[in-house]
Structures are given as C-alpha cells and as structure tokens.
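Inspection log for the structure reproduced underneath, given as structure tokens.
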Amino acid sequence: MENARIEKIGHNIKYDALVLSQFDVWTEGVTFDTMIASYLLRADGRHNLDALAKEHLQFKKVSFDELTGTGKEHKPIREVALQALSDYSCEDADITFRLFELLKSRLAKEGMLNLGEDLEFRLIPVLAGMEKEGIAIDVEYLKTMSVDIAKLLKSLITDIHAMAGSEFNINSTQQLGDILFNKLGLPTQKKTKTGFSTDVGVLESLRHQHPIVDKLLEYRQFSKLKSTYIDALPELINKRTGRVHTSFNQTVAATGRLSSSDPNLQNIPIRTEIGRSIRKAFVPGAKGFLIMSADYSQIELRVMAHISGDEALSEAFRNKEDIHTTTAAKVFGVEPGDVTKDMRRKAKEVNFGIMYGIGPFGLSNRLEISQGEAKEIIAKYFERFPKVRQYINDTISSARSNGYVSTLLGRRRYLSDINDRNQNIRQNAERQAINMPIQGTAADMIKLAMIHIHGALSKAGLESRMLLQVHDELVFEIKKNEEKEMRALVTKHMQQSMKLDVPLEVDIGVGKNWLEAH
DNA sequence: GGATTGAGTCT
DNA sequence: GGAGACTCAATCC
C-alpha cells in the first residue's frame with residue numbers, strides 16, 4: 001500500500017477511502033462519507049446526505065473530491081492528504097465526525113450495526129483490492145472480433161435497407177417503427193410512451209410475417225454486443241496496469257447486492273454463441289496463471305427453502321435432487337423419471353417465478369399457456385410446498401405492519417408503497433417484499449464468503465487473487481500450482497459462509513479464460 | 001450538454 | 001402484469 005496513489009485505478013471512492021484511512025485524522029470522516037452514510041441512506045431510502053447534513057448540522061456536505069483534490073495530477077498519498085489538511089479546516093473534519101456518530105447510532109437503532117461492522121465495513125478493503133487488481137483482457141482477440149462483426153453488420157444493414165425499400169437508421173426505434181408498421185404494414189402490438197414497441201418480444205412474434213424481422217433480430221444482437229462490449233472494453237484498459245478496473249458499488253442495490261459499473265463486469269454475455277465468445281476475452285494477465293470461477297448452485301432457492309422452512313423443498317436439496325425436475329414431478333403429478341424436458345422447463349420458470357412473486361397472468365405469458373392452466377400450476381405448487389406460501393403471506397403481512405422486510409443478517413429494505421391504495425403500486429411492493437429477503441440473504445452470504453476468502457488468501461500467502469463477483473459467482477486469477485489449494489479454500493469458505501438447513505453446493509471450474517472456467 | 005426513453009445484457 | 005442491476009444510441013430540452 002505504500003505506493004498507493006489517488007488515480008484512476010481504484011477510482012472508486014472506496015479505494016480512495018481505504019488509502020486515505022491510513023491517516024487517522026481522516027479515517028472517520030472519509031469512512032462516514034463514502035460508506036456508512038450512503039449505506040444507511042440507501043438502506044432506508046428516505047433521505048439524502050445533503051438534506052441530512054443540512055437538517056442536523058446546518059452544513060453543506062463536503063464532497064470527496066473537494067476533500068482530496070482528486071482529478072489533479074497524481075501525487076503520492078501523503079502529499080495529497082497533507083494538502084487536504086491544509087485546505088480544509090478542522091471544523092470540517094469535526095462535522096463529518098459528528099455526522100458519523102449520528103448515522104452510527106441510527107444504524108444501531110435499526111439493528112444493523114452488526115451488519116455494518118461485521119460485514120459491510122469489512123468488505124470495503126476486499127472490494128477495494130479487487131478493483132485495484134483489475135482483470136486482463138485479450139485486446140487482439142476483441143479487435144479481430146470487432147472487424148468480423150463490423151462486416152456482418154454491414155451486410156445486415158444493406159439487406160435491411162433493401163427489404164425496407166429505403167435507407168433509415170435501424171438504431172432509431174422511431175424510424176424502425178415507421179418502416180415496420182406504416183410502410184410494411186405489419187400488425188402493431190405493444191405501445192410505448194412514444195410509439196409502437198419494436199422490442200425483441202414484438203419482433204419474435206412477427207418473425208414469419210416478413211423476412212426483414214430475422215435480419216433485425218440479428219442486427220440488434222450484434223450491434224449491442226459490439227458497442228457495449230467488444231469495442232468498449234479495450235478502451236477501458238488502464239494504461240499503467242494494462243487491465244480493466246471496474247467499480248463495485250456497495251450502496252446501490254436495494255436488496256444488498258453489489259453492482260458493478262465503469263465498466264459493468266456483472267453483465268458480460270454468456271447466453272448466445274457470440275456472447276460466449278466475448279467471455280473468452282477475459283484471461284489471466286501473466287504466464288503461469290489461470291482463471292477460476294466458483295459459483296453457488298441454486299443459492300436463492302436454497303435460501304428460500306431455509307427461510308420458509310419448507311420440508312419438501314429442503315428434502316429435495318438434502319437428497320441432491322435436480323430441483324427443477326423434482327418441482328416438475330410434484331407439480332405435474334408424475335414420477336421424477338417421467339419428467340419430460342418441457343415439464344422441467346416449465347417447472348424452472350415456476351421456481352424462479354415464485355421467488356419473484358409471479359401471478360397467473362405473468363406465468364401464463366412466460367410459459368405461453370392459458371391463465372387457467374397457470375393458475376392450476378401455481379395452486380399445485382403451493383399445495384406441494386405449503387411453507388413457501390406461508391413465507392410469502394407472512395412476509396407481506398410483516399412488511400405491512402413494520403414497513404420493511406429484512407434478511408437473515410438483519411439487512412432492511414423499507415417499502416413505503418406496501419400499503420398504497422393503488423393496486424399496481426401495492427402489488428409491486430409486495431413482490432419486492434417477497435424477493436428481497438431471499439436475494440438479500442444470498443448477497444449477505446457471498447459477501448461473508450468474500451471477506452473470509454480474502455483473509456485466507458493473504459494469511460496463506462497465496463499469489464492467487466479474487467477479481468470479480470457476479471452475485472452468485474466469484475472469479476479468480478489463480479497461480480497454476482495453487483489450483484488444488486484454491487479449489488479447496490474457496491469451496492470451504494463459500495459453503496460455510498452461513499449455516500443453513502439445506503446444504504450449499506459450489507461448482508468450480510478452471511480454464512485459460514472466463515468461459516472455459518465455467 | 002444533461003436527462004429521458006427504448007432497447008438489451010447479466011444474475 | 002416476476003426481483004435486482006448497467007450501458008448504449010437516439011431523442012428531447
């Protein structure tokens with residue numbers, strides 16, 4: 001850490017805070033500014049920092065940039081800190097300190113001080129380390145891909161314009177809608193605020209009405225991947241490190257998940273073939289290293305089994321059954337051996353849908369079945385997994401009376417809309433109530449695992465590093481001769497992060513890029 | 001130039 | 001009319 005500098009690497013404020021926190025005088029103030037305050041304020045969503053500072057301190061918040069002078073040329077940390085000290089009065093530091101105390105006491109009042117001190121605050125240096133480490137990208141590979149896709153797009157554009165009978169901007173939904181629905185006379189469907197929808201759902205349904213539609217779907221997919229990933233990622237490589245440094249945002253998602261930005265490395269494609277080829281660009285940064293990926297298997301369903309205490313669901317996990325097949329057997333009333341692919345596919349949608357508070361209408365849409373059938377399936381599900389229904393009912397009613405829901409570790413989400421008179425708004429809050437404790441507990445668990453893994457790596461003096469978190473997955477760059485130890489260490493800490501009534505399974509893969517590691 | 005909208009990517 | 005995110009391009013102001 002002695003060479004730490006305030007610069008674009010680890011530009012996320014958490015990293016800068018970590019660096020500055022070496023100087024005692026700033027510790028509380030900076031920690032307050034970047035973490036505790038925003039964490040707490042995001043957690044209840046009722047205030048913003050400026051308003052709070054104004055209300056309690058008659059003082060305007062000093063931004064981090066103002067405090068540190070980031071954005072100036074790179075200076076050694078000591079110099080930056082000393083400069084900041086001379087630029088700002090002791091009074092400012094005192095004020096931030098007093099706000100820290102205020103917010104800390106509120107955390108305590110809401111029962112979240114332990115969550116803060118045992119989990120969130122300890123995660124700060126872990127995330128800072130990951131941001132600073134960055135991940136290597138195979139630029140040559142992406143450049144080649146970019147050229148190939150450009151050719152493909154060019155010919156698609158020519159075809160589309162020819163079929164449309166005129167040249168227009170395919171990226172403009174307005175112009176595309178005009179071509180599709182006015183000029184070509186295709187049947188209109190969903191409307192948006194500004195016109196007719198041309199999204200993938202609409203296009204899929206028009207596929208057999210006009211050959212232009214398939215071309216459009218292809219064009220959309222390729223141009224998205226090209227602009228967002230293939231062309232964007234190489235631009236984001238840090239000149240000094242030669243790697244891409246994301247920011248992991250700790251106080252954005254209402255459920256307690258992390259988010260990732262600049263660039264977002266939590267939504268790198270994987271579903272389609274061309275998407276998967278983008279993952280191959282994520283590689284080890286040096287010879288002798290490999291990429292390792294470790295992901296929780298069905299963590300949210302396991303958390304739901306634990307929280308609800310449903311015996312049938314828990315039993316399925318204890319017996320290491322394929323959960324979607326088991327659900328299919330129970331819902332469709334057949335033996336597990338007789339579950340067809342289609343039944344399993346439907347059961348999978350049901351399993352996820354339940355956690356998101358889906359209704360008959362939603363399920364019927366997703367499965368393309370009648371609402372009556374969907375209603376039957378849902379009823380059968382709750383008959384076979386009765387405690388799940390119980391959990392949903394209990395959670396909503398406790399949200400109504402308390403105004404919030406919480407995870408196993410006490411993380412709260414306030415739901416001010418839970419008693420709204422508007423049915424749409426209220427039901428939306430009810431779905432959030434159902435989902436947050438599940439999604440949030442899973443987030444708590446992987447965060448805990450990350451803290452433990454980070455500690456274990458440094459204790460064991462390993463050269464392998466944790467680079468990314470993607471909600472239920474951790475990505476590492478591992479030294480080849482540490483593979484065995486890393487597999488064991490990571491599996492152990494992920495499995496043991498929290499003791500649930502169901503076992504936790506962790507799948508680990510190693511390869512020479514992120515795709516191969518899956 | 002910033003904010004909004006529609007679209008698409010992930011878990 | 002299932003939960004949670006972020007980014008890009010077009011468009012609006």
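The chains referred to below are lettered A, B, ... by the order of the sequence lines, with proteins before strands, and numbering in each begins at 1.
- To the nearest angstrom, P of C/dA3 lies 19 Å from NZ of A/Lys348.
- Considering only side-chain N and O atoms, A/Ser259 lies under 4.0 angstrom from the phosphate OP1 or OP2 of C/dC6.
- Listed by first then second residue, pairs satisfying side-chain hydrogen bond (donor to acceptor under 3.5 Å, both in side chains) with a partner in residues 148-157 of chain A number zero, not counting sequence neighbours.
- Rounded to whole Å, atom C1' of C/dT7 lies 8 Å from atom OH of A/Tyr229.
- Per the geometry, CD belonging to A/Glu349 stands 14 Å off P belonging to C/dA3, to the nearest Å.
- Taking 4.0 angstrom as the limit, A/Arg431 places a side-chain polar atom (N or O) nearer than this to OP1 or OP2 of C/dA3.
- Nucleotides B/dT4 and C/dG2, compared at atom P, are 25 Å apart to the nearest Å.
- Close to C/dA10, at under 4.0 Å from its OP1 or OP2, lies a side-chain N or O of A/Asn171.
- Between A/Gln423 and the phosphate of C/dG1, there is no side-chain N or O to OP1/OP2 separation shorter than 4.0 Å.
- For the pair A/Phe282/A/Asn513, no side-chain contact is recorded, criterion being any heavy-atom separation below 4.5 Å from C-beta on.
- Between A/Arg411 and A/Thr441, the closest side-chain pair of non-hydrogen atoms is not below 4.5 Å.
- Protein atom CG of A/Asp199 is 19 Å distant from nucleotide atom P of C/dA9, rounded to whole Å.
- By the 4.0 Å N-to-carboxylate-O rule, A/Asp199 lies close enough to A/Lys190 to be salt-bridged with it.
- A distance cut-off of 5.5 Å between ring centres, combined with a plane angle under 30°, leaves A/Tyr356 outside any stacking arrangement with the base of C/dG2.
- Contact between the side-chain N/O atoms of A/Asn169 and the OP1/OP2 oxygens of C/dA10 is found at a separation under 4.0 Å.
- For A/Gln469 and C/dA5, the CD to C1' distance is 12 Å, given to the nearest whole Å.
- The CZ atom of A/Arg257 sits 9 Å away from the P atom of C/dA5 (whole-angstrom rounding).
- A/His452 and A/His493 have tilted rings, their planes meeting at an angle from 30° to 60° on a 0 to 90° scale.
- Look at A/Asn428 and you'll find a side-chain N or O under 4.0 angstrom from OP1 or OP2 of C/dA3.
- For C/dG4, one of the phosphate oxygens OP1 or OP2 lies less than 4.0 angstrom from a side-chain nitrogen or oxygen of A/Arg413.
- Running 5' to 3' along DNA chain B, contacts with non-hydrogen atoms of chain A at under 4.0 Å begin and end at B/dT5 to B/dT11.
- Taking 4.0 Å as the cut-off between side-chain N and carboxylate O, A/Arg389 and A/Glu383 do not count as a salt-bridged pair.
- Salt-bridge check for A/Lys320 with A/Glu505: passed, with a basic side-chain N closer than 4.0 Å to an acidic carboxylate O.
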